[in-house]
Amino acid sequence: MSHLHTAALKAAKLNHLKQLHAQLFQHSLCSDNYWVAQLIKLCTLLHAPPTYVSRVFDSVHQPNVFVFTNILKFYSQLGAHSDVLYLFDKMQKCNVAPDAFVYPILIKASRKWGIVFHAHCIKMGHDWDRFVRNAIMDMYGKFGPLEIARELFDEIPERAVADWNAMISGCWNWGNEVEARSLFDLMPDKNVVTWTAMVTGYSRRKDLENARKYFDQMPERSVVSWNAMLSGYAQNGCAEEVIRLFNEMMSCGVCPDETTWVTVISLCSSHGDASLAEGLVKMINDKGVRLNCFAKTALLDMYAKCGNLAMSRKIFDELGTYKNLVTWNAMISAYARVGDLASARGLFDKVPEKNIISWNSIIAGYAQNGQSKVAIDLFKDMIAKDVLPDEVTMVSVISACGHLGALEFGSWAVNFLEKHQIKLSISGDNALIFMYSKCGNMKDAEKVFQSMDARDVISYNTLITGFAAYGNAIEAVELLWKMKKENIEPDRITYIGVLTACSHGGLLEEGQRIFDSIKDPDSDHYACMVDLLGRNGKLDEAKCLIGSMAMHPHAGVYGSLLHASRVHKRIDLGEFAASKLFEIEPENSGNYVLLSNIYASARRWEDVDRLRGLMTVGGVKKTTGWSWIEHEGEMHKFIVGDRSHERSADIHRVLSETEKKMRLAGYVADKSCVLKDVEEEEMEEMVGTHSEKLAVAFALLVTEPHSVIRVVKNLRICRDCHTAIKIISKMEGREIIVRDNNRFHCFSEGQCSCKDYW
DNA sequence: CTAGGGTTAG
């Protein structure tokens with residue numbers, strides 16, 4: 001009933017507004033303060049577009065305090081705090097003294113100015129107005145210090161219900177459950193708002209049992225109370241409860257308002273539940289509900305998360321001038337999520353007033369789609385524009401540093417965190433663990449891990465994967481036991497990490513036992529196991545294992561077998577694995593190269609030639625990945641035969657000198673180790689490509705003797721390169737960390753940390 | 001005229 005009433009009222013008011021406007025024009029009353037004030041008041045009620053309201057406002061020559069009050073209210077309802085402050089400024093310039101009606105609006109507008117306005121109120125003598133006082137108390141309750149709110153509360157001679165309510169919410173805001181409860185118990189006349197505040201308070205503490213207890217005991221409930229309980233369940237991921245309560249609410253005859261829709265719609269998005277979403281949309285359409293900007297934004301996000309980007313864009317365009325910053329941000333991250341970075345960036349550049357979330361969305365978009373360098377460059381832009389990053393920004397940046405192996409910039413970021421006192425939560429610490437392990441700094445990775453108060457499965461997985469890459473199998477296996485002890489359930493990623501560690505660390509039996517303990521192994525686990533058996537020379541067992549698989553083996557499984565066949569020179573199994581791979585991924589040149597390496601090592605040159613022919617006929621192109629080298633915080637990009645680097649000449653000079661030194665030291669310098677000699681011939685391509693990256697790194701190391709060089713990405717090391725590294729690290733007397741695809745090699749004084757190498 | 005509920009980023 002009540003919603004029908006409001007809807008009718010709204011329609012009537014909208015009609016009234018139009019008529020009023022027309023009449024005002026007719027009687028040239030558009031500059032009359034009384035009528036303008038009334039008009040703006042109506043605009044506020046009807047959520048009129050800001051452009052329209054500001055036009056109405058501008059038509060007044062000398063706005064009075066009523067006009068200002070109403071327009072301030074309008075912007076305050078929109079949450080446009082900067083406009084509120086601007087108008088207050090204008091108000092003073094127009095010599096209009098703010099009255100007791102204005103201050104509550106101003107005080108609520110911004111955290112930053114609340115205290116200033118408090119002082120203002122005292123000066124103007126408005127601080128004894130009960131509404132002003134309530135607003136001030138509310139402000140301190142929200143933004144702190146809570147003690148001041150409490151002092152004000154205690155000073156009030158006759159406390160109104162609103163004063164109690166503001167104080168109770170204040171206590172909840174600062175996590176003071178005991179105080180909130182005792183105030184609640186002391187309070188003489190509680191109303192719906194009081195009860196709802198208790199429900200919200202417990203929901204935010206994730207204490208849903210108590211929240212529900214208060215909700216059930218409420219003498220009466222408003223839509224807001226239902227919303228509070230719904231959002232309590234939604235925030236804590238209890239999807240079924242939300243649906244159940246929502247249905248209960250409908251059967252109680254309570255009409256959902258816009259907030260209800262926002263809560264329920266956003267629940268669908270976080271669940272990615274398309275069928276639930278469909279049902280909701282049908283319900284909304286059947287009821288003929290008109291959604292506001294918040295709900296439309298939630299709907300946009302829901303479609304995006306359920307994979308219907310076209311629908312998202314449609315809502316975005318239909319919103320026209322009604323969309324707010326959140327709508328923009330939701331659309332940006334929608335594009336970023338599917339990897340459409342061009343569209344995301346296009347929108348980002350058009351956002352009228354970017355906030356931290358706009359930046360976070362676009363930076364995370366690049367970071368998650370393999371464009372770590374762009375992510376970091378954007379972050380630098382952001383800093384240059386004096387936008388202060390928050391934890392979420394830093395998570396993306398730190399993770400991007402990890403992907404690039406950019407430890408220098410990563411360390412800068414860590415300092416930045418301390419300098420600006422940005423606190424990291426679990427995901428932040430996880431990003432740090434990731435970065436340190438990707439950069440080969442397991443000591444610091446472990447230090448972060450140890451320092452965490454709470455760890456989740458991702459913390460463990462990240463560290464385990466780090467140890468696996470570094471070849472520290474025992475540490476990885478111990479972590480698996482430790483997490484089980486802490487009652488954190490290992491997932492499929494955990495087992496991939498541990499098995500990889502066993503494989504790299506040579507723990508055959510342990511790995512086998514762990515593999516057998518996996519309840520539901522998938523293709524990735526089989527691939528790890530084939531790798532483990534293969535590295536230990538048990539190739540026939542590996543083939544048997546593949547035969548026993550319940551599902552179709554993916555390329556990784558045969559890839560492991562192919563690699564092992566190459567190492568152990570098993571032509572028969574190599575041919576078997578390769579033939580499967582040519583079917584599954586005919587475009588992957590690596591498989592052809594690997595098989596022909598096997599033939600080459602057996603000197604079966606006619607087969608090598610045959611494969612080459614096959615590649616040409618099949619149109620298989622060698623793909624060469626870029627390599628990145630971090631040097632004094634800057635990332636340098638190289639590719640085979642590349643001479644585009646600005647210091648190319650220096651690098652080449654040093655390379656040839658290095659080659660000479662190596663020869664003098666009695667080593668036969670592999671020509672593929674030296675950039676200038678990289679030629680595309682025979683089967684040297686693979687070796688050549690990777691050696692080149694090393695070579696460039698060495699060159700930088702030698703030309704810049706005090707710098708730290710990290711070689712990252714796409715690196716696989718041949719024996720000859722090891723020789724080269726040994727000599728150079730001996731010559732320079734420093735430690736070099738080199739990462740290859742699967743592990744780290746830490747060289748110092750001719751020593752290498754890894755036990756077996758390719 | 002106060003006080004209680006809602007959308008976006010990891």
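Numbers restart at 1 for each chain; the letters A, B, ... are given by sequence-line order, proteins then strands.
Looking at heavy-atom distances under 4.0 Å, A:Lys323 makes no contact with the nucleic acid at all. Using a 4.0 Å heavy-atom criterion, one finds that A:Asn191 contacts the bases of the nucleic acid, with or without backbone contacts as well. The residue A:Ser425 sits close to a base: some heavy atom pair falls under 4.0 Å. Residue-level contact check: A:Arg221 touches neither bases nor backbone, having no heavy atom under 4.0 Å from any strand. At a threshold of 4.0 angstrom between heavy atoms, the contacts of A:Ser399 with the nucleic acid are absent. Using a 4.0 Å heavy-atom criterion, one finds that A:Arg337 contacts the sugar-phosphate atoms exclusively. Residue-level contact check: A:Ala364 touches the backbone only, with heavy atoms under 4.0 Å from sugar-phosphate atoms and none from bases. Residue A:Val192 is classed as a base contact, given a heavy-atom separation below 4.0 Å to a base. Counting non-hydrogen atoms under 4.0 angstrom, A:Asp138 reaches the backbone sugars and phosphates but no base. Within 4.0 Å (heavy atoms only), A:Glu391 reaches at least one base atom of the nucleic acid. Counting any heavy atom pair closer than 4.0 Å across all strands shown, A:Ser361 reaches sugar-phosphate atoms only and no base atom. Across all strands shown, A:Asp99 has no heavy atoms under 4.0 Å from either base or sugar-phosphate atoms.
Among A:Trp195, A:Tyr214, A:Phe184, the one residue that satisfies the ring-ring contact (aromatic ring centres under 6.0 Å, His included) test with A:Tyr202 is A:Tyr214. Just one of A:Asp138, A:Leu152, A:Leu146 meets the side-chain contact (heavy atoms from CB on, under 4.5 Å) condition when paired with A:Met167; it is A:Leu146.
Stacking between A:Phe131 and B:dT2 is absent: the ring centroid is not both under 5.5 Å from the six-membered base ring centre and under 30° in plane angle. Here A:Trp328 does not count as stacked on B:dT8, because the ring centres are not under 5.5 angstrom apart with planes under 30°.
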For A:Phe153 and A:Trp164, run ring pair (Phe, Tyr, Trp, His ring centres under 6.0 Å): C-alpha distance rounded to whole Å, both residues' side-chain angles, the deciding distance at 0.1 Å, then the answer.
CA-CA 8 Å; A:Phe153 179 76; A:Trp164 285 90; 5.2 Å; yes

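Looking at A:Thr393, its side chain has no donor and acceptor atom pair within 3.5 Å of the base of B:dG10.
With no hydrogens or angles considered, a side-chain donor-acceptor pair links A:Ser459 and A:Asp456 at under 3.5 Å. Under 3.5 Å, the side chains of A:Arg313 and A:Tyr335 contain a donor-acceptor pair of N or O atoms.
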